[in-house]
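See structure below.
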Amino acid sequence: MGVRDAHKAVVVARVKRQRERWQAGLAADAANAASAAASAAADVAESAARVAVARPVQTLPPADPFPRSVTLQVAMRHPAVAVAAVALVLAIGPRRLMRTASWLLPMLARRY
């Protein structure tokens with residue numbers, strides 16, 4: 001038996017030991033996962049029963065389908081502010097306002 005065969009036998013034995021350790025780890029992981037899943041299922045069932053007994057289900061108000069409606073609601077609640085905003089846009093001019101916004105908004109967006 002040469003040096004090469006001896007080295008091969010050592011490597012094969014090492015691979016066999018690694019495979020056995022890996023398979024033992026897989027079996028332990030599967031057992032841990034099964035016990036964790038059973039424990040989690042029991043916890044979920046217990047908390048669901050506790051919630052069902054503790055309080056009734058609360059319903060949320062229906063959400064507005066259009067984001068614009070929030071702006072319109074604010075304008076309706078504060079008409080003076082809405083009139084002042086429109087007057088400001090007309091006084092400054094839409095073109096100048098857009099030019100200023102295109103310069104100012106990227107700087108503000110970087111900070112927030």
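- The shortest non-hydrogen separation linking Ile92 to Leu97 is CG2-N, 4.2 Å.
- For Leu26, the side-chain contact (heavy atoms from CB on, under 4.5 Å) partners are Trp22, not counting sequence neighbours.
- The CD atom of Gln73 sits 11.0 Å away from the NE2 atom of His78 when rounded to the nearest 0.5 Å.
- Here the CZ-NE2 distance, from Arg4 to His7, works out to 9.5 Å after rounding to the nearest 0.5 Å.
- Closest heavy-atom contact between Ala101 and Pro106: O-CD, 3.9 Å.
- Checked against side-chain contact (heavy atoms from CB on, under 4.5 Å), Arg95 has the following partners two or more places apart in sequence or in another chain: Arg99.
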